[in-house]
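Here is the structure we will look at.
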Amino acid sequence: LQNGIADLYLASFKERVGLSDDQFLRVRPMVRRFIQNRFQVANQRRILEERQAQLLNQSNASEAEIQKLNDDLTSLDEAGAIDGRFMKNLQRELSPRQGALAREFHKEFINERLPLMLERLRAAQADPNRGERAAARANQQNRKDPAQRQAPALRGKNNPQPPARKYVR
C-alpha cells in the first residue's frame, strides 16, 4: 500500500511540478521516506487512541499510565510536523516556481486524493464483492459534497480538513 501511494505521488508530482529526470532521482527517496513516516505516525496514533479509550473506560487506571499515554500523544503530535519538514527538504531540490507547485500539489494530494484512495481501499476490504461499487459511490459522493468527506487517519493534526470548495459548472 505504501509503495503504491508513493508511486502514485511520485508520478503525479513529477508531471505537475515539472521535474527533470535528475531532480526526480533526488526527490524519490524523500517521498518514499515521507510516505513511510506518514503511515508510521498514523498507525502509532491509532494504537495510542485505542489505548486511551481503554484507560479512560477503566475505573482503576493509574495516573502513571495515563500520564505516559499523554506524554506519548504529545510526542506524536510533535512528530506530526513531518509535512513541513518534507516540504522544507524538497525546496532544496526545486526552483522557486517548482517549490510553489510542489506545495500546491502536496496539499491537494494529502487532503483530496489520498482520502479518496483510502476510502476505495476500505470499501474494497469491507466487502470484496461489492468493493468497486461501494468505492464508486463514495467517489461520486465526494465529488458532490467535499465538505462531508471523512478525515483519514493519515491526514494528521497538522493537515486539517480543507474548507469546502464550491464547484461551478
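The first residue of the sequence shown is numbered 1, and numbering continues consecutively from there. All values below come from the heavy atoms of this structure, side chains included, with hydrogens, waters and symmetry mates left out.
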As a test of understanding, state which of Arg46, Gln54, Gln52 forms a side chain to side chain donor-acceptor pair (under 3.5 Å) with Glu50.
Arg46
Rounded to the nearest 0.5 Å, the CG atom of Leu25 sits from the OG atom of Ser20 at a distance of 8.5 Å
Would Lys107 and Asp83 pass as an ion pair if we require N to O under 4.0 Å?
no
Criterion side chain to side chain contact (heavy atoms under 4.5 Å, CB included) on Arg32 and Leu10, from CA distance to verdict:
CA-CA 9 Å; Arg32 292 203 180 280; Leu10 282 164; 4.1 Å; yes
In terms of relative ring orientation, are His106 and Phe86 parallel, tilted or perpendicular, with 30° and 60° separating the classes?
tilted
Please tell me if the side chains of Lys14 and Val27 come closer than 4.5 Å, counting only heavy atoms from C-beta onward.
no
Rounding to 0.5 Å, atoms OH (Tyr9) and CD1 (Ile110) come to a distance of 6.5 Å
Identified side chain to side chain donor-acceptor pair (under 3.5 Å) counterpart of Asn89 within the set Arg92, Gln91, Arg85
Arg92
Under the criterion side chain to side chain contact (heavy atoms under 4.5 Å, CB included), I'd like the reasoning laid out for Phe105 against Glu15: C-alpha separation, chi angles, the key distance, then a yes or no.
CA-CA 10 Å; Phe105 169 81; Glu15 181 181 320; over 6 Å; no
Is Met87 close to Phe34 at the side-chain level, that is, under 4.5 Å between some pair of heavy atoms?
no
Does one hydrophobic cluster hold both Leu69 and Leu56, with members joined at side-chain heavy-atom distances below 4.5 Å?
no
When you compare the side chain of Gln23 with that of Glu93, does any pair of heavy atoms fall below 4.5 Å?
no
Rounding to 0.5 Å, atoms CG (Leu114) and CD (Glu119) come to a distance of 11.0 Å
A side-chain contact here means heavy atoms from C-beta on lying under 4.5 Å apart; do Leu118 and Arg122 qualify?
yes
So do Leu19 and Leu94 actually touch side chain to side chain, heavy atoms under 4.5 Å?
yes
Backbone of Gln2 reached by a side-chain donor or acceptor of Gln36 within 3.5 Å
no
Does Glu65 come within less than 4.0 Å of Arg51, counting only side-chain N to carboxylate O?
yes
Side-chain heavy-atom pair Gln44, Ile47 within 4.5 angstrom cut-off
no
CG/Leu90 to CZ/Arg26 distance, rounded to the nearest 0.5 angstrom?
11.0 Å
Between Arg45 and Asp72 (salt bridge meaning N to carboxylate O under 4.0 Å), is one present in this structure?
no
In short, Ser12 meets Arg113 closest at the heavy-atom pair OG-NH1, 3.1 Å
To the nearest 0.5 Å, what is the distance between CE (Met117) and CD1 (Ile5)?
4.5 Å
